[in-house]
Amino acid sequence: MGDAEAVAAGVARSLRDGRFAEVEALFAAPLRAVAPAGAVGAAWAAEIARHGPVTSVGDPAAEPLGADLTRVSVPVACERGALTVVMSVDGAGLLNGLRLAPGGAAAWSPPPYADPSAFEEREVTVGSGPLAVPGTLTLPRATGPRPGAVLLAGGGPFDRDATSGPNKPLKDLAWGLATSGVAVLRFDKATYAHPAEVAADPAFTMADEYVPHAVAAVRLLRGDPAVDSGRVFVIGHSMGGKAAPRVAAAEPSVAGMVIMAGDAQPMHEAAVRVTRHLASLDPGPDADAAVAAIIRQAARVADPALSPARPAADLPFGLSAPYWLDMRSYDPVATALAFGKPMLILQGGRDYQVTVEDDLSRWRAALEGRPGVTVRVHAADDHLFFPGTEPSTPAGYDRPQHVDPAVLDDIAAWLNA
């Protein structure tokens with residue numbers, strides 16, 4: 001058994017035995033960015049309530065994801081079913097990804113609105129230097145320059161498809177848009193392709209995570225003869241939607257942007273909101289402790305005296321003080337307001353709208369009614385990607401699903417207008 005498999009097997013046993021602190025201690029910075037403390041125990045408790053007590057832990061199966069990352073799956077049998085603990089383990093033995101998937105989860109299949117005969121794909125490299133990442137360019141077979149779109153994934157170490165269990169929502173979008181005549185470029189995030197290098201840089205910020213590669217992708221797409229260089233757009237989902245105005249500000253050639261379920265609330269405030277929601281799904285002492293911890297950490301981020309030297313362990317998700325100082329100084333709504341070009345703002349009606357000042361109301365207050373700005377809500381969708389899924393239930397995201405065709409149609413029509 002290799003090192004990554006040994007780490008993963010140990011994590012599965014720790015989950016089985018309820019030793020969640022041991023699992024959390026193995027989180028690398030990219031995973032801390034998307035998994036609040038206490039969420040592991042809450043997610044595991046929900047699975048055990050559904051499937052019954054663990055009866056056996058199987059042998060780990062590994063596959064390489066890159067030079068310093070291995071995906072390991074550990075099957076877990078329970079009294080009333082099975083699940084799989086899926087982990088991304090780096091060379092230091094730290095977890096860069098962790099999710100609980102159904103046993104024998106189905107593989108991704110093309111969405112019904114995608115016609116693979118209508119486009120072709122080729123591999124590209126996005127950016128330069130040690131943090132260059134691989135990507136995929138999806139080109140319609142139609143003649144004549146086409147509009148182009150660069151896809152930006154949400155927060156965390158996502159691959160170019162935003163893979164989650166059997167789902168690949170960014171691949172859904174790329175194939176669906178290409179079928180509708182739009183050239184699409186998507187790429188692995190640096191936090192996915194180079195987790196060790198990112199974790200080793202304490203000054204790494206959200207701007208570093210998104211802007212250099214997105215700008216390089218826009219320029220690559222504009223340079224392709226099949227693409228109309230004057231009609232290259234940015235499409236960002238979740239945290240990618242939050243970053244989209246920053247990308248557009250950095251690259252004046254961007255013709256417009258689509259913000260899908262984009263974060264507008266300051267991230268440290270949203271962390272409290274989301275943790276409270278997760279705690280409400282599985283209340284108890286652990287959930288209460290997780291909420292109290294995130295409130296303390298968020299207060300440190302909001303403190304005007306926050307120093308770049310403040311230890312990352314004192315702050316939400318184990319992210320560095322420079323990361324939070326950068327986030328604190330960035331207002332995506334104000335940046336979008338200054339953009340002055342066409343925007344499509346889409347929101348799922350089943351997102352975390354549990355506060356008065358939710359993300360949608362912030363976008364609407366600043367931008368709705370302005371020339372060139374369209375705001376739409378898809379009421380049945382959770383975070384726009386998965387129609388009919390209960391908000392932020394991990395089991396829902398591990399069901400095979402596709403991006404809502406109504407969302408795809410909205411974006412395609414807007415880009416082709």
Side-chain angles (χ1 to χ4, degrees), residues 1-41 43-44 47-48 54-78 82-105 107 129-134 153 155-166 188-202 204 209 311-313 317-320 394 398:
M1 185 183 295
D3 292 343
E5 293 98 314
V7 169
V11 168
R13 290 192 296 269
S14 294
L15 291 171
R16 176 196 63 192
D17 298 338
R19 301 193 305 270
F20 305 119
E22 294 180 7
V23 178
E24 291 168 2
L26 291 173
F27 282 9
L31 183 55
R32 290 185 185 277
V34 294
V40 174
W44 181 259
E47 291 296 329
I48 295 305
V54 173
T55 57
S56 66
V57 175
D59 295 330
E63 59 176 314
L65 292 178
D68 190 52
L69 205 61
T70 303
R71 177 183 289 137
V72 187
S73 300
V74 181
V76 176
C78 303
L83 63 138
T84 304
V85 184
V86 184
M87 291 154 274
S88 299
V89 185
D90 65 24
L94 298 177
L95 302 182
N96 286 252
L98 171 65
R99 61 184 176 83
L100 305 177
L131 291 185
V133 298
F158 277 115
D159 65 11
R160 72 197 73 180
D161 299 327
T163 300
S164 176
D188 294 346
K189 291 181 66 177
T191 48
Y192 175 87
H194 306 288
E197 291 87 342
V198 169
D201 181 3
F204 192 82
E209 184 177 7
F317 312 142
L319 294 171
S320 70
D398 281 317

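Worth saying up front: this structure is predicted, and the values here are computed from it rather than measured. Just so you know, these numbers use all the heavy atoms, side chains as well, and skip hydrogens, waters and symmetry mates.
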- Message: Taking the side chain as everything from C-beta on, heavy atoms only, tell me whether R160 gets closer than 4.5 Å to P134.
- Response: yes

- Would a 4.5 Å heavy-atom cut-off, applied to side chains only, mark V76 and R16 as touching? no

- Message: Checking D159 now: which residues fulfil salt bridge (Lys or Arg N to Asp or Glu O under 4.0 Å) with it, not counting sequence neighbours?
- Response: none

- Do the side chains of E5 and D59 get nearer than 4.5 Å, heavy atoms only? no

- Query: Where do P60 and A9 come nearest, in terms of heavy atoms and distance?
  - Reply: CG-CB, 4.4 Å

- Task: Examine distances only and state if a side-chain atom of K189 and a backbone atom of E209 form a donor-acceptor pair shorter than 3.5 Å.
- Result: no

- Item | Where L26 and G93 come nearest, the two heavy atoms and their spacing | CD2-O, 4.0 Å

- Do the non-hydrogen side-chain atoms of F20 and L15 ever get within less than 4.5 Å of each other? yes

- Task: Taking all non-hydrogen atoms of both residues into account, name the closest pair between G155 and F158 and its distance.
- Result: O-CE1, 3.4 Å

- Note on the structure: Exactly one of V86, V89, V85 clears side chain to side chain contact (heavy atoms under 4.5 Å, CB included) with L98, and that residue is V85

- Query: Under the 3.5 angstrom rule, does the side chain of D90 hit a backbone N or O of L69 as a donor-acceptor pair?
  - Reply: no

- Item | Short side-chain to backbone donor-acceptor contact, S320 and P202, under 3.5 Å | yes

- Message: Can you confirm whether F204 sits close enough to T191 that some side-chain heavy atom of one is under 4.5 Å from a side-chain heavy atom of the other?
- Response: yes

- Message: Is there a side-chain contact between M87 and V74 in this structure, where contact means two heavy atoms from C-beta onward sitting under 4.5 Å apart?
- Response: yes

- Distance, nearest 0.5 Å, that separates OG1 of T163 from CZ of R71: 6.5 Å

- Here the pair of heavy atoms bringing T70 nearest to A62 is CG2-CB, 3.8 Å

- Item | Residue list, side-chain hydrogen bond (donor to acceptor under 3.5 Å, both in side chains) with R13, at least two apart or on another chain | none

- So which heavy atom on C78 is nearest to which on T55, and how close? N-OG1, 3.8 Å

- Query: Is a side-chain N or O of S14 found less than 3.5 angstrom from the main chain of R19, in a donor-acceptor match?
  - Reply: no

- Task: Taking the side chain as every heavy atom from C-beta outward, state whether V23 and W44 have any pair of such atoms under 4.5 Å apart.
- Result: no

